[in-house]
Amino acid sequence: MSGKNIVVIGADEANLRVLRNMPGADDLTFHGLFEPDELQGGEVDMASLVQKAIGAIDAIDGGVDAIVGYWDFPVSALVPLLNEHYGTRGTSLESIAKCEHKYWSRLEQRKAIDEYPGFGQVDLAAERPQPPAGMSFPMWVKPAVAYSSELAFGVADEREFQDAVARVREGIGRVGRPFDYVLDRLELPPEMIGTGGQVCLAEESLNGIQVAVEGYVHDGLVTVYGVLDSIDYPDSPSFLRHQYPSTLPEPVLVRLRDASARVMRQIGFDNATFSIEYFYDPQADAINLLEINPRHSQSHALLFEYVDGVPNHHCMVRLALGEDPSLPYREGRYRMAAKWYYRWFADAEVRAAPSQADIERIEREVPGVSIALVPTRGENLSDAREQDNYSYEVAHIVTGGDSEEELRQKYDRCVAALNQRFEVTPPEGPAEPGR
């Protein structure tokens, strides 16, 4: 292998740096195409993005050997559309749609597994929409297609349900309309004909320990290479940290791997990475699938590097090149690692923030950490990209260590050293629905 050109859709500098530092990357040239803000700001024009991408890829000297991406829609859909155009390797557009469209995904899941919550469509055209028949509060209301947790609301009663539906109805078109571009290119099954991208979904609330199962499918064979625990802030649906490896008992991990393999085979996913989120309820000894992401999680790249020795980007790249995607096992510097989400739970303006030199100094002083700020000085937290409906991300802090206590101590040291200051913004309008 030499002189391979890899196009990375939605490349950002932090992940390009990880890709270029991977073992075996010396003979790979990574070409970033589109900034993340170009792909997730406002309502995207899929036809225009495809044409711009083709123009940029055609201009690459030596042609293209692989096209990859690690973000949700529209990146997840652009990759197979461009793979089909150039004859490069990857999973099908249909398999991507079966993951990204949460309603279609649920229809496929129930053909293969029993580990999923009750769900149904909410009729947004009704004068007063109602929960699906047979479902009771609490539940979650969300668009079938969205970025991250945008417009996903936990609702506990009828009032919160109606408030959430109104907000979904107002914003669902921003992502739902562009997704129709994908659906229009597929031969849909009878149960999906006429459904479209602007669908509101209600799902039973899930309880327990949230986990992420990361894996890939290589020539039809499903491999799970890691399971991570996702730990929320107390009394909040917002993530505090992702921790690798999972602390769940091995029999539970076996069930998670089995359910993941069955559902990915049902979807027809192949030659690409995936990340599936589950809840495990230890009291009921039950697992339930939350959602399927048709890409690995770039958020976890350094966690795998710290523990296994190579970031999970390795699997994505090797699959796209038709090579062995397997990761090393426990060959990293640390026994465990965590990605922390330092958050504020009220909107605020960033009045003081560390410089890049300050961050690099902290990283030198605290070995085994990596820091990325989300908002910048002078910015309101609510203006930062990809915030959820219940909190505001202030910084992402990755820590590696040999115990949970070491992970937390490093995180606490970093938060204190950042020395950020905020001025809270008075709330406007009615309060957001609760979980």
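Excluded from the calculations below are hydrogen atoms, water molecules and symmetry mates; all remaining heavy atoms, backbone and side chain alike, are included. A quick note: this is a predicted structure, and the numbers were derived from the prediction, not measured.
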Notebook entry, point to check: Is the Trp140 to Phe153 ring centre distance short of 6.0 Å?
Noted result: no
Next item on the list: Decide if atom CD of Glu84 counts as having more than 12 heavy atoms of other residues, nucleotides or ligands within a radius under 6.0 Å.
Entry: no
Next item on the list: State, with a plain yes or no, whether a side-chain heavy atom of Lys4 is found less than 4.5 Å away from one of Asp27.
Entry: no
Check: Are a donor atom and an acceptor atom from the side chains of Ser275 and His296 found within less than 3.5 Å of each other?
Finding: no
Margin query: Please tell me whether Asp58 and Tyr86 have a donor and an acceptor in their side chains that are separated by less than 3.5 angstrom.
Written below: yes
Notebook entry, point to check: In terms of side-chain heavy atoms, does Tyr341 have a donor or acceptor partner in Asp232 at a distance below 3.5 Å?
Noted result: no
Note to self: Return the OH to CG distance between Tyr147 and Asp72, rounded to the nearest 0.5 Å.
What the structure shows: 9.5 Å
Next item on the list: For residues Gly69 and Met316, report the shortest heavy-atom separation together with the two atoms involved.
Entry: O-SD, 3.6 Å
Next item on the list: For the pair Arg318 and Asp324, find out whether any cationic side-chain nitrogen is under 4.0 Å from an anionic carboxylate oxygen.
Entry: no
Margin query: I want to check something: taking the side chain as every heavy atom from C-beta on, are Asp285 and Tyr280 in contact at a cut-off of under 4.5 Å?
Written below: yes
Check: Does Arg159 count as lying over the ring of Phe161, i.e. NZ or CZ under 6.0 Å from the six-ring centre, within 45 degrees of the axis?
Finding: no
Notebook entry, point to check: Side-chain donor-acceptor pair under 3.5 Å between Thr91 and Asp270, yes or no?
Noted result: no
Check: Are any of the side-chain nitrogens in Glu349 or Arg377 under 4.0 Å away from the carboxylate oxygens of its partner?
Finding: no
Notebook entry, point to check: Do the two ring centres, one from Tyr244 and one from His300, sit under 6.0 Å apart?
Noted result: no
Notebook entry, point to check: Do Lys98 and Ser105 have a side chain donor and acceptor closer than 3.5 Å?
Noted result: no
Note to self: Taking the side chain as everything from C-beta on, heavy atoms only, tell me whether Phe239 gets closer than 4.5 Å to Ile231.
What the structure shows: no
Check: Between the side chains of Thr273 and Tyr70, does any donor sit under 3.5 Å from an acceptor?
Finding: no
Checklist line | Test item: Leu82 and Thr88 side chains (from C-beta on) under 4.5 Å apart, heavy atoms | finding: no
Notebook entry, point to check: How about Asp229 and Gln210: do any of their side-chain heavy atoms sit closer than 4.5 Å?
Noted result: no
Check: Does a sphere of radius 6.0 Å around CD in Glu191 hold more than 12 heavy atoms from other residues, nucleotides or ligands, not counting ones at 6.0 Å or beyond?
Finding: yes
Next item on the list: Could you tell me whether Tyr233 and Phe345 have their ring centroids closer than 6.0 angstrom?
Entry: yes
Check: Between Trp340 and Thr399, do the side chains contain an N or O donor and an N or O acceptor separated by less than 3.5 Å?
Finding: yes
Next item on the list: Decide if the gap between the ring center of Phe304 and the ring center of Tyr225 is smaller than 6.0 angstrom.
Entry: yes
Check: Does a side-chain heavy-atom distance below 4.5 Å link Trp104 with Leu186?
Finding: yes
Margin query: Can you tell whether the side chains of Glu291 and Arg106 come within less than 4.0 Å, N to carboxylate O?
Written below: no
Item checked: Minimum-distance pair of heavy atoms, taken over all atoms of Ala77 and Leu93 -> O-CD1, 3.9 Å
Check: Do Tyr392 and Trp344 make the cut of ring centroids closer than 6.0 angstrom?
Finding: no
Note to self: Within the 3.5 Å criterion, strictly below it, is a donor on Asp347 or Ser382 matched to an acceptor on the partner's side chain?
What the structure shows: yes
Notebook entry, point to check: Does the side chain of Asn5 come within less than 4.5 Å of Val7's, by heavy atoms?
Noted result: no
Check: Does Asp65 come within less than 4.0 Å of Arg89, counting only side-chain N to carboxylate O?
Finding: no
Check: Do the charged groups of Glu150 and Arg174 touch, with an N to O distance under 4.0 Å?
Finding: yes
Note to self: Could you check whether any side-chain heavy atom of Asn293 comes within less than 4.5 Å of a side-chain heavy atom of Glu277, counting everything from C-beta outward?
What the structure shows: yes
Next item on the list: Flag yes if more than 12 heavy atoms outside Glu170 fall under 6.0 Å of its CD atom; otherwise flag no.
Entry: no
Check: Regarding Asn271 and His218, is there a side-chain donor-to-acceptor distance under 3.5 Å anywhere?
Finding: no
Note to self: What's the separation between atom CG in Leu327 and atom OG1 in Thr223, rounded to the nearest 0.5 Å?
What the structure shows: 10.0 Å
